[in-house]
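Before any comments, here is the structure.
Index from 1, following the sequence.
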Amino acid sequence: MVYNTVILDADNTLFDFDRAEHEALRQVMTAHGYPFTPETEALYLSFNRELWTRFDQGRVTQAWLTVERFRRLNAALGGSCDPEAMNAEYLTRLGEGAYLLPGAEAFCRTLSQAGVVLAIATNGVARVQRARLSASPLAPYFPHLFISEELGAQKPLPAFFTPMLNALKVTDRGRCLMVGDNLLSDIKGGQDAGLDTAWYNPHHRPNPTSIVPTYTVENFDSLLPLILLSSSKGRDTP
């Protein structure tokens, strides 16, 4: 076994966040009388992604951004709905969307049975992440769930990674792997903490940054042997 501890991001690494987001947004916008079309969904997504990027950079708070995205949507669509109420309803719906990505359950089960310590590290909203994990078949495999809202710091900051690694009792960081789809929060955060990293990139997105992960993988089947069998590092795996 190369790695005895594996830390995974939640959204779009284990959970199909795009599907959950789509369903939650559809329900909330319809309930508040807004048309749910590809155009209005894209409008919300543009606001949401820009605000979460600013959060990852430490420029805004999570509590502010989650309401601000709906305030902007209301303004763009000429509505007068309460953005706080819309956000509260959206988070409830989002927490119900415990959809897993293909292969995630089998991957976690195999690692757990092999004695690997598993943890989730997420910048997502705490009540959403806890609700989805509890409702999913992954719950038995993850005794450790680290959430930025509860730690008081977000990935990629050391103030997130240091207490997490201490809680996991990681003494050899060379045997701890950080896996995630976000180059900044997951990969750079893991690198800065002295961990090997695996960029989960099933859609073969280009890397426009100077951040170089230890591995790049497109699915869980290619990630599994890197954890359990391989002794080589610093390579990309198609």
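- Atom CD of E150 has more than 12 heavy atoms from other residues, nucleotides or ligands within 6.0 Å.
- Using a cutoff of 4.0 Å between basic side-chain nitrogens and carboxylate oxygens, K155 and D9 are scored as salt-bridged.
- With rounding to the nearest 0.5 angstrom, the CG atom of L183 is 8.5 Å from the CG atom of D186.
- The shortest side-chain heavy-atom distance between R109 and L138 does not fall under the 4.5 Å cut-off.
- Using a 4.5 Å heavy-atom cutoff, the side chains of Y200 and P202 are in contact.
- Side chains of E218 and H203: no donor on one and acceptor on the other come within 3.5 Å.
- Side chains of N207 and W199 form a contact here, defined as non-hydrogen atoms less than 4.5 Å apart.
- With rounding to the nearest 0.5 angstrom, the CG atom of D172 is 7.5 Å from the CG atom of N4.
- Within the 4.5 Å cutoff, the side chain of L165 has heavy atoms near those of the R173 side chain.
- Side chain of N12 to main chain of D16: no donor-acceptor pair is present (N/O by atom type, distance under 3.5 Å, no hydrogens or angles).
- Under a 4.0 Å N-O distance rule, the pair R132/D11 qualifies as a salt bridge.
- Not a single donor-acceptor pair under 3.5 Å links the side chain of T122 to the backbone N or O of I147.
- Checked by atom type and distance alone, the side chain of E149 pairs as donor or acceptor with a backbone atom of A126 at under 3.5 Å.
- The aromatic rings of F55 and W52 stand perpendicular to each other, their planes meeting at an angle above 60°, with 30° marking the opposite boundary.
- Side-chain N or O atoms of T40 include one that pairs as donor or acceptor with a backbone N or O of P35 at under 3.5 Å.
- Counting heavy atoms from C-beta on, the side chains of Y90 and V128 never come closer than 4.5 Å.
- Looking at heavy atoms from C-beta onward, I120 lies in side-chain contact with L133 at the 4.5 angstrom threshold.
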Verdict with supporting geometry, T13 and D181, side-chain hydrogen bond (donor to acceptor under 3.5 Å, both in side chains): CA-CA 6 Å; T13 299; D181 69 304; 3.3 Å; yes

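- Classification of the F70-Y44 ring pair by plane angle, with boundaries at 30° and 60°, yields tilted.
- In summary, E21 and R26 do not engage in a salt bridge, as defined by a charged side-chain N under 4.0 Å from a carboxylate O.
- Under a cutoff of 6.0 Å and an axis angle of 45°, R69 and F47 do not form a cation-pi pair.
- At a threshold of 4.5 Å between non-hydrogen side-chain atoms, the residues I7 and C176 count as touching.
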Audit row: D56, T53, side-chain hydrogen bond (donor to acceptor under 3.5 Å, both in side chains) steps and yes/no: CA-CA 5 Å; D56 289 342; T53 296; 5.5 Å; no

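- Here R72 pairs with E50 in a salt bridge; the nearest charged N to carboxylate O distance falls below 4.0 Å.
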